[in-house]
Amino acid sequence: MASAPTTMAITSGRNFWCLCSSILLVATPPAAAETKLFDSVQVTPAGEYTFGIEGPAADLDGNLFVVNLGKPGTIGRLPAGGAASEPFTALPEGSVGNAIRFARDGTMFIADYKKHNIFAIAKGATEPSLWFHSDEMNQPNDITIARDGTIYASDPNWKGREGHIWRIAKAADGRVQGQIMPAPRAMGTTNGIDLSPDGKTLYVGESSSGQIWSYAISGNELAGARLVKSFQPDTVDGLRTDVAGRLYVARILKGTIALMKPTGAVEREIALKAKEPTNLAFGGNDGKTVFVTQRQGGFIESFRTDQPGREHCLQRGRC
């Protein structure tokens with residue numbers, strides 16, 4: 001019995017090769033299972049972040065930044081490949097972050113909804129500096145950044161169930177200026193916001209109505225309002241776009257991320273580990289890891305997708 005395998009190996013190279021190939025194929029499925037698309041897993045321990053867990057945004061080194069680690073007004077950092085967050089910085093006394101975004105040059109911008117500010121942190125630094133302030137703002141809530149550095153900020157009035165979009169950019173004299181963008185319709189409580197890959201379309205989620213709208217950007221104004229999708233009222237929060245132009249919408253209270261085409265056709269609802277996703281961001285080395293902030297449990301979860309995010313592409317200088 002012991003001599004049979006030896007005879008096969010000597011007399012039949014073809015059979016020996018097929019045997020080795022079969023062994024290699026058997027070893028393949030576990031690796032494939034580790035990278036299964038749209039399968040969300042919890043990344044950080046429960047309770048790391050407060051009820052105000054939001055943000056989030058990833059830099060090109062794979063670090064993820066999320067607001068309100070342990071207490072309001074802080075920013076936590078989840079290192080690339082890490083399983084627990086660590087303190088990164090804190091905003092000035094009384095300020096509380098709600099959104100984080102990265103510009104093409106690596107500058108981090110933070111929306112401070114308590115004190116009506118936008119802060120900036122230069123690449124490689126940790127100290128926030130004031131970029132823009134307006135007493136006319138209700139918040140701001142979420143922000144997105146265009147290729148030229150222009151910031152678009154959602155500014156909801158939760159009690160009034162209405163809102164606006166602000167355009168914030170440097171003027172010719174170098175001063176940062178901001179103003180409410182006139183729109184062709186009265187908006188609801190503006191919340192999640194992002195740009196299309198070409199930067200010509202602005203997507204805005206309205207929490208009060210559960211609707212996602214798109215607008216053409218015409219200088220300082222919004223034009224061509226189009227209803228993209230209607231979900232149930234009070235079930236949409238943050239949103240992001242990928243390089244293919246698809247939208248990823250945090251379905252708070254439903255516990256999913258809706259992945260849909262710009263037409264509004266939903267490709268899939270990605271099931272999450274908890275029921276209250278507040279926002280999401282693309283990260284990882286290739287920009288195809290989606291990180292989700294969970295208000296229920298105060299943790300971060302993530303899943304893999306098939307296209308990089310627009311913001312990751314922007315930081316790479318490709319969008």
Side-chain angles (χ1 to χ4, degrees), residues 49-57 66-68 71-74 91 94-101 109-119 132-144 151-168 178-194 202-215 222 225 227-240 247 249-258 274-281 292-298:
Y49 291 85
T50 72
F51 190 75
I53 182 173
E54 265 272 15
V66 177
V67 300
N68 302 322
K71 63 179 183 179
T74 60
L91 300 178
S95 291
V96 181
N98 198 71
I100 303 173
R101 288 290 187 127
F109 289 92
I110 306 105
D112 164 22
Y113 79 97
K114 278 286 189 180
K115 295 291 186 178
H116 321 297
N117 298 317
I118 302 289
F119 289 104
F132 177 75
H133 168 85
S134 176
D135 289 330
E136 296 179 27
M137 278 187 163
N138 296 302
Q139 294 217 337
N141 187 291
D142 203 358
I143 55 176
T144 186
I151 295 174
Y152 298 94
S154 60
D155 187 26
N157 175 352
W158 292 96
K159 289 183 179 180
R161 297 179 75 80
E162 61 183 8
H164 306 286
I165 301 298
W166 281 70
R167 182 182 184 275
I168 303 164
Q179 58 275 319
I180 294 173
M181 300 182 76
R185 56 175 291 275
M187 296 180 178
T189 47
T190 51
N191 195 338
I193 186 171
D194 208 356
L202 186 70
Y203 294 100
V204 181
E206 297 182 0
S207 290
S208 55
S209 64
Q211 296 177 341
I212 310 296
W213 286 81
S214 71
Y215 299 89
L222 297 174
L227 177 61
V228 178
K229 179 70 177 178
S230 287
F231 294 103
Q232 290 82 9
D234 302 309
T235 65
V236 299
D237 204 324
L239 65 85
R240 293 290 189 274
L247 287 79
V249 182
R251 300 294 314 284
I252 195 165
L253 303 183
K254 186 175 183 183
T256 66
I257 299 294
K275 294 295 184 182
E276 298 181 8
T278 56
N279 216 328
L280 59 123
V292 182
T293 49
Q294 277 285 359
R295 188 172 70 182
Q296 183 188 54

For a side chain to side chain contact (heavy atoms under 4.5 Å, CB included) check, start with the C-alpha distance between Ile53 and Thr293, then their side-chain angles and the critical distance, and finish with the verdict.
CA-CA 6 Å; Ile53 182 173; Thr293 49; 3.7 Å; yes
Are Arg185 and Trp213 close enough, and set up right, to give a side chain to side chain contact (heavy atoms under 4.5 Å, CB included), and what steps lead you there?
CA-CA 11 Å; Arg185 56 175 291 275; Trp213 286 81; 3.4 Å; yes
Tell me, with the steps shown, if Ile118 and Asp112 meet side chain to side chain contact (heavy atoms under 4.5 Å, CB included).
CA-CA 6 Å; Ile118 302 289; Asp112 164 22; over 6 Å; no
Stepwise, does the side chain to side chain contact (heavy atoms under 4.5 Å, CB included) test hold for Ser230 with Gln211?
CA-CA 4 Å; Ser230 287; Gln211 296 177 341; 3.5 Å; yes
Stepwise salt bridge (charged side-chain N to carboxylate O under 4.0 Å, His left out) check, Asp234 with Arg161:
CA-CA 11 Å; Asp234 302 309; Arg161 297 179 75 80; 3.6 Å; yes
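Listed for the His164 side chain is no donor-acceptor partner under 3.5 Å among the backbone atoms of Pro156. Panel note: side chain Arg251, backbone Ile257; no donor-acceptor pair is recorded below 3.5 Å. Formation of a donor-acceptor pair under 3.5 Å by the Gln139 side chain with backbone atoms of Tyr113 is not found in this model. Proximity of a side-chain donor or acceptor of Ser154 to a complementary backbone N or O of Asp142 within less than 3.5 Å is detected. Here the side chain of Asp155 pairs a donor or acceptor atom with the backbone of Asn138 at under 3.5 angstrom. At distances below 3.5 Å, not a single donor-acceptor pair connects side-chain atoms of His116 with backbone N or O atoms of Ser134. In this structure, Glu162 contributes its side chain and Asn157 its backbone to no donor-acceptor pair below 3.5 Å. Formation of a donor-acceptor pair under 3.5 Å by the Asn191 side chain with backbone atoms of Glu206 is not found in this model. Checking side-chain atoms of Thr256 against main-chain N and O of Ala258 turns up no donor-acceptor pair under 3.5 Å. Without hydrogens or angle criteria, Arg240 side chain to Leu280 main chain gives a donor-acceptor distance under 3.5 Å.
Using a 4.5 Å heavy-atom threshold, the side chains of Pro56 and Ile100 count as separate. Val204 has its side chain within reach of Ile165: a pair of non-hydrogen atoms, C-beta onward, lies under 4.5 Å apart. Looking only at side-chain heavy atoms (C-beta outward), Tyr203 and Val228 come within less than 4.5 Å of each other. Taking the side chain as every heavy atom from C-beta outward, Asn117 and Ser95 approach each other to under 4.5 Å. Between Ile252 and Lys275, every side-chain heavy-atom pair lies at or beyond the 4.5 Å cut-off. With a 4.5 Å cut-off on side-chain heavy atoms, Asn141 and Thr190 do not count as touching. Two residues are said to be in side-chain contact when any heavy atoms from C-beta on lie closer than 4.5 Å; Trp166 and Met181 fail this criterion. The shortest distance between side-chain heavy atoms of Leu222 and Leu202 falls below 4.5 Å.
In terms of heavy-atom proximity, Ile143 sits nearest to Ala111 at CG2-CB, 4.1 Å. For the pair Met137 and Phe132, the tightest heavy-atom approach, listed with the atom from each and the gap, is CE-CE2, 3.9 Å. The shortest heavy-atom contact between Asp135 and His133 is OD1-NE2, 2.8 Å. Looking at every heavy atom in both residues, Pro184 comes nearest to Ala225 through CG-CB, 3.6 Å. Pairing each heavy atom of Gly255 with each of Pro277, the nearest pair is CA-CD, 3.9 Å. Nearest heavy-atom pair, Tyr49 versus Asn68, reported as atom, atom and distance to 0.1 Å: CD2-O, 3.2 Å.
For Gln179, the CD atom is densely surrounded, since the number of other residues' heavy atoms within 6.0 Å is greater than 12.
For the side-chain contact (heavy atoms from CB on, under 4.5 Å) test with Arg101, the passing option among Ile110, Asp194, Ile151 is Asp194; the others fail.
A donor-acceptor pair shorter than 3.5 Å cannot be found between the side chains of Thr189 and Ser207.
For the atom pair CG of Asp237 and NZ of Lys254, the computed distance is 15.5 Å after rounding to the nearest 0.5 Å.
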